[in-house]
Amino acid sequence: MDANEILDYCLAKNGVSESFPFDNETLVLKVATKMFLLISLDKQPLAIAVKTDPEWSEELREQHPQITGAYHMNKTHWNSVSLDGLKKDLILKLIDHSYDLVFQSMTKKMREEIENAVN
């Protein structure tokens, strides 16, 4: 997958926006006001950071050398994922999982507003 495919996939989700709050190379995707994915546009191979359930993080890190604790993030909850050599279905599953974790952490009112908004 390339950065454009990931961006298109994420922007198709409810309530997602993109910005560059840190620098010109790190694209941040948020659901409402909360980050769920970062893309390092200048890094080769392409890498993303996603939020992951801590128990699943341990399992992922053991099974895939491309998945490590995310740099500058809480390594208990965030993983850095080098996309080189990973199957597309796993990458999409990681993106969905990250989005869902952030979405579910929001108030019921916020979730309803996002679900009812037209993208």
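FYI, side chains are in, hydrogens and waters are out, and symmetry mates aren't considered; it's all heavy atoms of this structure.
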Could you go through residues 94-102 and list every donor-acceptor pair under 3.5 Å that involves a side-chain atom there, pairing it with any protein atom two or more places apart or in another chain?
residue : atom : partner : partner atom : Å
Asp96   : OD1  : Tyr9    : OH           : 2.7
Asp96   : OD1  : Lys13   : NZ           : 2.7
Asp96   : OD2  : Tyr9    : OH           : 2.9
His97   : NE2  : Asp53   : N            : 3.1
Ser98   : OG   : Phe36   : O            : 2.4
Ser98   : OG   : Lys51   : N            : 2.9
Tyr99   : OH   : Asn14   : O            : 2.5

Membership question, hydrophobic clusters at under 4.5 Å side-chain separation (ILVMFWY): are [Y] and [X] in the same one?
X     : Y     : value
Met1  : Ile48 : yes
Leu92 : Ile39 : yes
Val31 : Leu37 : yes

Problem - Glu55 atom CD, over 12 foreign heavy atoms within 6.0 Å - result: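 Incorrect, the count does not exceed 12.
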Problem - Considering all heavy atoms, the nearest Thr52-Ser57 contact - result: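 Smallest heavy-atom distance, with atoms named: CB-OG, 3.3 Å.
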Exercise for the section: Please report the closest heavy-atom contact between Leu86 and Leu90, naming both atoms and the distance. Expected result: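 Closest approach of Leu86 to Leu90, heavy atoms only: CD2-CD2, 3.9 Å.
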Practice task
Find the distance between NZ (Lys87) and NZ (Lys93) and round it off to the nearest 0.5 Å.
Solution key: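 So the NZ of Lys87 and the NZ of Lys93 are separated by 12.5 Å.
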Practice task
To the nearest 0.5 Å, tell me how far Leu41 CG sits from Leu7 CG.
Solution key: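 One gets 9.0 Å once the value is rounded to the nearest 0.5 Å.
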Can I get a per-line list of side-chain donor-acceptor pairs under 3.5 Å for residues 17-28, giving both atom names and the distance, sequence neighbours left out?
residue : atom : partner : partner atom : Å
Asp23   : OD1  : Glu25   : N            : 2.9
Asp23   : OD1  : Thr26   : N            : 2.7
Asp23   : OD1  : Thr26   : OG1          : 3.0
Asp23   : OD2  : Thr26   : OG1          : 3.3

Exercise for the section: For the pair Ser40 and Leu46, evaluate side-chain contact (heavy atoms from CB on, under 4.5 Å) and give the outcome as yes or no after the intermediate values. Expected result: CA-CA 7 Å; Ser40 299; Leu46 187 64; 5.9 Å; no
Exercise for the section: Output all residues satisfying side-chain contact (heavy atoms from CB on, under 4.5 Å) with Glu113, sequence neighbours left out; order by chain, then residue number. Expected result: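 Partners of Glu113 under the side-chain contact (heavy atoms from CB on, under 4.5 Å) test: Lys109.
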Handout entry: Partner residues of Asp8 under the side-chain contact (heavy atoms from CB on, under 4.5 Å) criterion, sequence neighbours left out
Key =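 Partners of Asp8 by the side-chain contact (heavy atoms from CB on, under 4.5 Å) criterion come out as none, since no residue qualifies.
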Give every donor-acceptor pair under 3.5 Å between a side-chain atom in residues 59-73 and any protein atom, sequence neighbours left out.
residue : atom : partner : partner atom : Å
Arg61   : NE   : Asn79   : OD1          : 2.6
Arg61   : NH1  : Lys75   : O            : 3.3
Arg61   : NH2  : Lys75   : O            : 2.5
Arg61   : NH2  : Trp78   : O            : 3.3
Arg61   : NH2  : Asn79   : OD1          : 2.7
Gln66   : NE2  : Asp84   : O            : 3.2

Exercise for the section: For Asn74, enumerate each residue passing the side chain to side chain donor-acceptor pair (under 3.5 Å) test, keeping only those at least two apart in sequence or located in another chain. Expected result: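 Thr76.
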Exercise for the section: Flag the pair Leu83 / Ile6 as yes when at least one side-chain heavy-atom distance between them is below 4.5 Å, and no otherwise. Expected result: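 Yes, at least one pair of side-chain atoms sits under 4.5 Å.
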